[in-house]
Amino acid sequence: SNELAEHQSRMKVAENSIGSLSAQLNSVQMERDKLNEEITMRLDEMIKQKELEIGMAQQIESLTSEVEHGNENVTAIRAELNRANLAASQMQEQLNIKVKTLESCLLESKESIAVKVTEIESLQKELDTFQKSAAGVIMNRDLLWVRQSGSLVAGAKKADIANSDASFLEEIFSVPPTENLSSEITVHGFSHQGLSVDFKCTKDVLDRQTSVIVAKFTNTTDAPLERLHLQVAVPKYVTMEMKPPTSSTVPVMMGSSTVEVTQTIRVTNTMMGTKNLRLKLNVSFASKGMKVEHMATCSGFPPGQF
């Protein structure tokens with residue numbers, strides 16, 4: 001019975017040890033599970049981090065490629081800009097050459113015109129001298145006839161005839177009077193919303209086909225007209241040279257102290273006498289802050305003169 005009691009005691013100790021070991025085993029398994037979960041979470045985080053790094057590397061590579069492509073585009077644009085600048089420089093040189101050529105031609109034309117004017121004046125003087133000589137010859141002839149006939153009455157009649165012959169010669173050889181080409185006429189262009197435009201026209205003394213037209217702008221409102229812009233179109237048989245206006249603001253009329261705003265237009269009608277000058281006008285301006293536009297046609301120039 002003592003052995004049995006001892007054996008039971010040992011059995012209880014063994015059972016207690018087994019229970020303790022089981023508890024320890026359960027605790028170890030729980031710690032192992034926790035460690036597995038932590039490892040899994042860390043692995044997932046590492047995988048995500050790696051994926052982010054790969055994505056960022058791909059973005060960096062894409063951006064690098066775009067930058068390289070952009071650099072290529074910039075290089076191409078710079079090359080194109082250099083070519084454009086070179087072409088512009090060449091065009092400017094050509095334009096300068098043409099301007100110098102035109103200036104030279106204009107100078108030569110002015111010199112040629114001056115020479116022709118001098119020649120015309122010389123011919124006019126020679127013609128006057130010839131007319132006087134012819135009249136003197138006729139008078140001498142008639143006086144000789146009077147002496148030969150001995151008749152004062154006949155001499156008087158013949159003197160009248162001589163005067164008549166001299167007038168006839170003068171009529172034949174004299175140059176017809178030229179028109180006063182420098183006289184100025186005014187042609188009304190239009191009036192619209194306080195802006196009135198009149199054209200003062202004069203002829204070029206040396207070229208009957210050429211006219212100088214000065215547009216005079218008048219403001220009949222109580223406020224200045226601003227941002228004035230006049231466009232003029234002419235038929236194909238007319239060439240035109242238009243200068244900028246003296247001002248883009250037309251002041252209110254203040255009597256004689258009002259500053260005139262004008263714009264000079266030089267036209268050449270190559271078919272003058274056959275077709276008359278006609279101007280198509282397009283004007284824009286601002287009246288009290290409001291933009292105004294107007295179109296008109298001016299054809300009131302004297303026929304055969306402009």
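Just so you know, these numbers use all the heavy atoms, side chains as well, and skip hydrogens, waters and symmetry mates.
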query = When rounded to the nearest 0.5 angstrom, what is the spacing between CD1 in Ile18 and CD in Glu15?
reply = 7.0 Å

message = For Asn276, is there any backbone N or O sitting under 3.5 Å from a side-chain donor or acceptor partner on Tyr237?
response = yes

request  = Kindly indicate whether the side chain of Ser211, heavy atoms from C-beta on, has any atom under 4.5 Å from the side chain of Leu277.
outcome  = no

message = Is it the case that the side chain of Lys200 and the backbone of Lys216 share a donor-acceptor pair, with hydrogens and angles ignored and the cut-off at 3.5 Å?
response = no

query = What heavy-atom pair brings Val261 and Val250 nearest, and what distance separates the two atoms?
reply = CG2-CA, 4.1 Å

remark   = The side-chain hydrogen bond (donor to acceptor under 3.5 Å, both in side chains) partner of Thr210 among Asp204, Thr268, Thr239 is Thr268

ask   = Would a distance-only check, ignoring hydrogens and angles, find a side-chain to backbone donor-acceptor pair under 3.5 Å from Gln263 to Lys243?
value = yes

key: Co-membership, hydrophobic cluster, residues Val283 and Met295, 4.5 Å side-chain   = no

inquiry  = If we ignore hydrogens and angles and just use 3.5 Å, is the side chain of Thr246 paired with the main-chain N or O of Thr262 as donor and acceptor?
reply    = yes

ask   = Under the criterion side-chain contact (heavy atoms from CB on, under 4.5 Å), which of Thr218, Leu230, Val292, Leu228 is the partner of Leu195?
value = Leu228

key: Qualifying side-chain hydrogen bond (donor to acceptor under 3.5 Å, both in side chains) pairs, either residue in residues 28-51, two or more places apart   = none

Exercise: identify the closest heavy-atom pair between Leu281 and Cys298 = CD1-CB, 4.2 Å

ask   = With no hydrogens and no angle check, is any side-chain donor or acceptor of Ser62 less than 3.5 Å from a backbone partner on Gln58?
value = no

request  = Flag yes if Leu206 and Val212 sit in one hydrophobic cluster, no otherwise; membership is Ile, Leu, Val, Met, Phe, Trp, Tyr, and two members link when side-chain heavy atoms are under 4.5 Å apart.
outcome  = no

note = Smallest heavy-atom separation, Pro224 atom then Val252 atom, equals N-CG2, 3.7 Å

message = Tell me the closest heavy-atom pair linking Ser191 and Ser196, and the distance in Å.
response = OG-OG, 3.2 Å

Asn96/Gln92 under side-chain hydrogen bond (donor to acceptor under 3.5 Å, both in side chains): CA gap, chis, key distance, verdict = CA-CA 6 Å; Asn96 292 336; Gln92 184 64 42; 3.1 Å; yes

ask   = Measuring from Phe217:CZ to Glu260:CD, what's the distance to the nearest 0.5 Å?
value = 11.5 Å

ask   = Can you tell me how far the CZ atom of Arg10 sits from the NE2 atom of His7, to the nearest 0.5 Å?
value = 9.0 Å

query = At what distance, to the nearest 0.5 angstrom, does CD of Glu3 lie from CD of Glu6?
reply = 7.5 Å

query = Can you list every side-chain hydrogen bond (donor to acceptor under 3.5 Å, both in side chains) pair that touches residues 220-231, not counting sequence neighbours?
reply = Asn219-Thr221, Asp222-Lys288, Gln231-Asn282

task = From the options Ile265, Ile213, Val267, Val234, select the one residue that forms a side-chain contact (heavy atoms from CB on, under 4.5 Å) with Met242.
result = Ile265

inquiry  = I'd like to know if the side chain of Ser27 reaches the main chain of Ala23, judged simply by a donor and an acceptor atom lying under 3.5 Å from each other, with no hydrogens or angles considered.
reply    = no

query = Is a donor on one side and an acceptor on the other found under 3.5 Å between the side chain of Ser9 and the backbone of Ala5?
reply = no

message = Over 60° means perpendicular and under 30° means parallel, so tell me whether His294 and His192 are parallel, tilted or perpendicular.
response = parallel

remark   = Heavy atoms of Ala215 and Phe199 approach each other most closely as CB-CE2, 3.6 Å

message = Is there a path of hydrophobic side-chain contacts, each under 4.5 Å between heavy atoms of I/L/V/M/F/W/Y residues, joining Val238 to Met272?
response = no

query = Are any side-chain N or O atoms of Thr75 and backbone N or O atoms of Asn71, one a donor and one an acceptor, separated by less than 3.5 Å?
reply = yes

task = Please go through Ile39's hydrophobic cluster and name the other residues, only I, L, V, M, F, W, Y counting, with side-chain heavy atoms under 4.5 Å joining them.
result = Leu43

ask   = Taking a hydrophobic cluster as the set of Ile, Leu, Val, Met, Phe, Trp and Tyr residues connected by side-chain heavy atoms closer than 4.5 Å, whether directly or through intermediates, do Val214 and Leu279 fall within one such cluster?
value = no

request  = Output yes when a side-chain donor or acceptor of Asn269 lies under 3.5 Å from a complementary backbone atom of Phe306, and no otherwise.
outcome  = yes

query = Say you draw a straight line from CG of Asn26 to CG of Leu21; how long is it, rounded to the nearest 0.5 Å?
reply = 11.0 Å

